[in-house]
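Following: one structure in structure tokens, then a few remarks.
All heavy atoms count here, side chains included; hydrogens, waters and symmetry mates do not. All values reported here derive from a predicted model rather than from experimental measurement.
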Amino acid sequence: MMRLIPLVCLFTVLSCSDSKEARLQQFLLKGNLATKQRSFDQAAYYFGEAIRVEPCYADAWNNLGTVYFEQGRFELAIEKYTKAIECQPGFLNALLNRANTAYELKEYYKAIEDLDRVAAIKPDTALVYFTKGLVFTKMRKFDNALDAFAKSIQMDPTNMDYKVNHSIVHYYRKDFDLAKLELEKLAETKKDEPNIYNTLSLIETEKGNYQEALKMVNKAIELDTKQSYFLNNRGFIFLSLNEMEKAEADINESISEDPYNAWAYRNKGVFYLMKGDYPSAERLLKQSLDMDNFVDKIYFYLGMAYLKNGKTAVACNSFKKSEELGDKMMTTDLVKACK
């Protein structure tokens with residue numbers, strides 16, 4: 001899965017006069033440059049100055065929302081995008097940005113509402129359907145996600161992100177052979193796309209082919225050494241191979257690079273499960289679940305931590321949720337323990 005980037009529109013200063021329009025453009029340009037430089041306080045100042053000149057300046061409100069989005073202050077970002085839309089109904093960038101922010105806040109139905117509004121205004125926007133695909137995936141509406149990604153690919157057949165995410169949905173549906181077939185075809189035309197190899201690694205991990213999985217994820221890391229998700233996935237492969245030191249190093253580095261990755265906290269929890277530190281395992285797995293309940297097999301691993309900590313009833317509830325999601329991780333002994 002991918003994180004979307006909010007849309008920031010850069011405007012050229014058309015005049016050096018002291019006209020109101022020129023002043024607004026100058027504030028907007030300075031704010032945009034400060035945003036690119038990640039000088040967020042300065043960017044907010046410039047956008048605020050533009051708003052003081054024109055209280056319903058939609059572009060400034062939208063870009064101020066992006067300042068807060070980039071800081072992870074999503075509630076404030078929603079407020080600013082909403083103000084931009086109030087000032088300019090049908091403002092496509094602000095609607096897309098608000099949908100993106102709702103996605104981050106896990107307010108998926110609100111995200112779909114905004115995306116539907118964009119589609120009604122401009123139905124040939126591939127990004128709308130790509131974003132819908134991401135939202136539907138998080139909602140576990142995998143058929144809808146596949147349809148949405150397929151539409152985005154139809155509109156922009158050269159975009160590799162759209163195609164890889166279409167394959168990832170097959171992975172989430174546990175249609176591993178179909179996902180692998182799509183990804184291998186993509187690799188024939190785009191050999192340097194790291195997400196292809198990372199997803200192939202996930203598939204091989206699910207199949208228990210850990211050496212092949214390691215080969216694939218290492219190829220992904222070679223192509224993108226800064227992607228924390230790849231390191232985390234390699235860490236889980238090392239856990240599966242019982243190479244604990246390597247696993248811990250990769251997972252810790254992944255968390256250091258991206259402290260908001262719920263999957264990394266799951267893997268750190270699994271690490272502590274395997275080490276026999278069950279209180280730490282429970283704490284980290286609960287943290288992962290609180291961050292994102294979409295994380296794969298989280299209810300099973302958390303159930304194991306509860307069980308090891310003597311919390312049989314809550315463990316069995318967690319196992320039940322795991323089975324409902326199709327994890328298929330329960331053993332005969334675990335089933336007996338929950339009778």
Test your reading of the model: is there a side-chain donor-acceptor pair from [X] to the backbone of [Y], 3.5 Å cut-off?
X	Y	result
Gln227	Tyr229	yes
Thr35	Gly31	yes
Trp61	Pro55	yes
Ser39	Gln42	no

Heavy atoms, side chains only, cut-off 4.5 Å: are [X] and [Y] in contact?
X	Y	result
Leu28	Tyr46	no
Asp224	Asn195	no
Ser201	Thr205	yes
Val128	Leu96	yes
Arg173	Leu146	yes
Leu76	Phe69	no
Ile51	Phe27	no
Tyr103	Lys138	yes

Task: Sequence-distant partners of Arg73, salt bridge (Lys or Arg N to Asp or Glu O under 4.0 Å), two or more places apart - done: none

Would you indicate whether [X], at its atom [atom1], is surrounded by more than 12 heavy atoms from other residues, nucleotides or ligands within a distance under 6.0 Å?
X	atom1	answer
Lys106	NZ	yes
Gln154	CD	no
Lys174	NZ	yes
Asp41	CG	no

Let me have the donor-acceptor pairs involving side chains of residues 324-339, under 3.5 Å, with sequence neighbours excluded, atom names and distances please.
residue, atom, partner, partner atom, Å
Asp327, OD2, Ser322, OG, 2.7
Thr331, OG1, Leu334, N, 3.3

Open item on the list: Could you walk me through whether Glu184 and Lys180 satisfy the side-chain contact (heavy atoms from CB on, under 4.5 Å) test, starting with their C-alpha distance in whole Å, then the side-chain angles of each, then the deciding distance to 0.1 Å, before giving a yes or no?
Closed with: CA-CA 6 Å; Glu184 287 177 341; Lys180 184 175 180 179; 3.0 Å; yes

Which residues share a side-chain contact (heavy atoms from CB on, under 4.5 Å) with [X], sequence neighbours left out:
X	value
Tyr278	Leu273, Lys308, Asn309
Thr199	Val164, Ile168, Leu183
Leu24	Lys20, Glu21, Ala50, Val53, Glu54, Tyr57
Asn233	Asn198, Leu202, Val217

Open item on the list: If you apply the rule side-chain contact (heavy atoms from CB on, under 4.5 Å), what do you find for Met139 with Tyr109, and how did you get there?
Closed with: CA-CA 9 Å; Met139 297 170 75; Tyr109 287 101; 3.4 Å; yes

Rounded to the nearest 0.5 Å, what separation is found between the [atom1] atom of [X] and the [atom2] atom of [Y]?
X	Y	atom1	atom2	result
Thr312	Asn317	OG1	CG	11.0 Å
Asp192	Leu223	CG	CG	6.5 Å
Phe271	Phe236	CZ	CZ	14.0 Å
Asn165	Thr137	CG	OG1	7.0 Å

Task: Ring-ring centroid check Tyr162 Tyr129, cutoff 6.0 Å - done: no

Task: Tyr68 ring center within less than 6.0 Å of Phe74 ring center - done: no

Applying salt bridge (Lys or Arg N to Asp or Glu O under 4.0 Å) as the test, list every pair that has at least one member in [range]; sequence neighbours left out.
range	value
residues 81-102	Arg98-Asp114
residues 205-222	Asp177-Lys207, Glu206-Lys297
residues 257-284	Glu282-Lys311

Kindly work out whether a path of hydrophobic side-chain contacts (I/L/V/M/F/W/Y, heavy atoms less than 4.5 Å apart) joins [X] to [Y].
X	Y	result
Tyr197	Leu181	no
Tyr171	Leu178	no
Ile251	Met244	yes

Task: Partner residues of Tyr45 under the ring pair (Phe, Tyr, Trp, His ring centres under 6.0 Å) criterion, sequence neighbours left out - done: none

Task: Side-chain donor-acceptor contact under 3.5 Å, Asp290 with Ser288 - done: no

Task: Side-chain donor-acceptor contact under 3.5 Å, Asn62 with Asn93 - done: no

Should the pair [X]-[Y] be classified as a salt bridge under the 4.0 Å nitrogen-to-oxygen rule?
X	Y	answer
Lys190	Glu193	no
Lys132	Asp147	no
Glu49	Arg52	yes

Task: side-chain contact (heavy atoms from CB on, under 4.5 Å) between Lys246 and Arg234, intermediate numbers included - done: CA-CA 9 Å; Lys246 291 180 179 179; Arg234 189 173 68 179; over 6 Å; no

- [ ] Could I get the full list of side chain to side chain donor-acceptor pair (under 3.5 Å) partners for Ser167, not counting sequence neighbours?
- [x] Glu182

- [ ] Sort and list the pairs that fulfil ring-ring contact (aromatic ring centres under 6.0 Å, His included) and have at least one residue in residues 310-339, not counting sequence neighbours.
- [x] Phe300-Phe319

